[in-house]
2 protein chains.
Amino acid sequence: MPVPLYQAKAEFFRTLGHPVRIRVLELLQDGPRPVRELLTEIDVEASNLSQQLAVLRRTQLVSSTRDGNTVVYALSTPDVADLLRAARRILTELITDRSLLLEELHSAPGSPPAR
Amino acid sequence: MPVPLYQAKAEFFRTLGHPVRIRVLELLQDGPRPVRELLTEIDVEASNLSQQLAVLRRTQLVSSTRDGNTVVYALSTPDVADLLRAARRILTELITDRSLLLEELHSAPGSPPAR
DNA sequence: GATCAGGATGAAGAAGTCTTCAATTGACGA
DNA sequence: TCGTCAATTGAAGACTTCTTCATCCTGATC
């Protein structure tokens with residue numbers, strides 16, 4: 001039995017746990033892109049973006065190829081897109097649930113606070 | 001446009017980025033469970049588990065109900081299970097890809113090291 | 001070969017997360 | 001009411017991760 005599997009999973013999710021990295025992955029869903037282009041869309045310093053790209057490369061979620069003067073990044077498997085979709089679904093559900101809860105709290109001010 | 005959406009997504013993934021929390025979610029996939037039972041399966045101190053459960057509660061991935069002397073936890077939506085499945089798929093793919101790469105490197109020792 | 005632009009890297013301090021310990025709460029039976 | 005079991009909480013130090021800065025590397029142009 002592979003003991004540290006959930007360890008690997010946790011690392012994987014931690015890799016996704018950064019706004020810039022998420023944005024990069026989402027942009028790459030529509031196809032490969034040069035760093036320069038990512039940079040115009042993400043609003044972060046070049047070296048910072050580079051650091052985050054390095055993290056994504058290390059975990060092999062993306063791959064990079066040099067084309068003359070520019071470097072182009074791409075998702076290394078389309079499964080990443082699936083995963084992001086699943087995450088989006090669950091997130092919107094969680095968020096709407098939360099706002100429903102808020103509404104309930106507002107419309108029934110006498111009821112005890114949720115704990 | 002909801003500007004900090006990828007922020008929310010990042011937070012969400014960070015929530016999943018911990019071995020104990022992953023294990024808890026996986027155990028809860030099969031149905032609700034009392035803390036005591038989680039504790040026997042996860043091998044972590046009670047207070048540590050409690051801390052991680054608190055994180056999961058804050059992000060509303062799980063919910064807890066007290067039943068007399070024991071506290072029972074459950075997934076707050078079955079979508080969590082979907083997400084974990086998607087993650088599992090992509091992870092096993094990444095891992096097998098990686099070992100293929102290793103094999104290639106071993107069988108072609110004269111080629112330049114991968115960078 | 002000097003220079004330049006696009007990217008990558010290393011290092012250091014700031015910021016955040018984990019683990020652990022002691023103290024606390026709530027429910028239950030003696 | 002006291003003791004106890006189950007679980008949670010708060011706080012402190014260890015440990016990671018982020019951001020930023022200066023520096024470096026690579027390929028193109030002159």
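Chain letters run A, B, ... following the sequence lines, proteins first, then strands; residues in each count from 1.
Every side chain to side chain donor-acceptor pair (under 3.5 Å) that Arg85(A) has, sequence neighbours left out, goes to Asp82(A). Remark: Asn48(A) pairs with Val44(A), Glu45(A), Gln52(A) by the side-chain contact (heavy atoms from CB on, under 4.5 Å) rule, at least two apart or across chains. Applying the side-chain contact (heavy atoms from CB on, under 4.5 Å) rule to Ala46(B) yields the partners Leu39(B); only residues at least two apart in sequence or on another chain are considered. When the side chain to side chain donor-acceptor pair (under 3.5 Å) test is applied to Glu37(A), the partners found at least two apart in sequence or on another chain are Arg33(A). Looking at residues two or more places apart in sequence or on another chain, you find a side-chain contact (heavy atoms from CB on, under 4.5 Å) between Pro32(B) and Val72(B), Ala74(B).
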Quick one, Ile42(A) with Leu27(A), criterion side chain to side chain contact (heavy atoms under 4.5 Å, CB included). Give me CA distance, side-chain angles, the key distance, then yes/no. CA-CA 10 Å; Ile42(A) 297 188; Leu27(A) 289 171; 3.9 Å; yes
Taking protein heavy atoms under 4.0 Å as touching, what does nucleotides 13-20 of chain D look like 5' to 3' if B marks base contact, S marks sugar-phosphate-only contact and - marks none? ----SSSB
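The CD1 atom of Ile42(A) sits 13 Å away from the P atom of dG7(C) (whole-angstrom rounding).
Residue pairs meeting the side chain to side chain donor-acceptor pair (under 3.5 Å) criterion with at least one member in residues 62-75 of chain A, sequence neighbours excluded: Arg57(A)-Tyr73(A). The salt bridge (Lys or Arg N to Asp or Glu O under 4.0 Å) contacts involving residues 12-31 of chain B comprise Lys9(A)-Glu26(B), Glu26(B)-Arg88(B), where partners must be two or more places apart or lie in separate chains.
Within the nucleic acid shown, Ser50(A) comes within 4.0 Å of at least one base atom, counting heavy atoms only.
Near-neighbour residues of DNA chain D inside residues 26-37 of chain B, defined by a heavy atom below 4.0 Å, number-ordered: Val35(B), Arg36(B).
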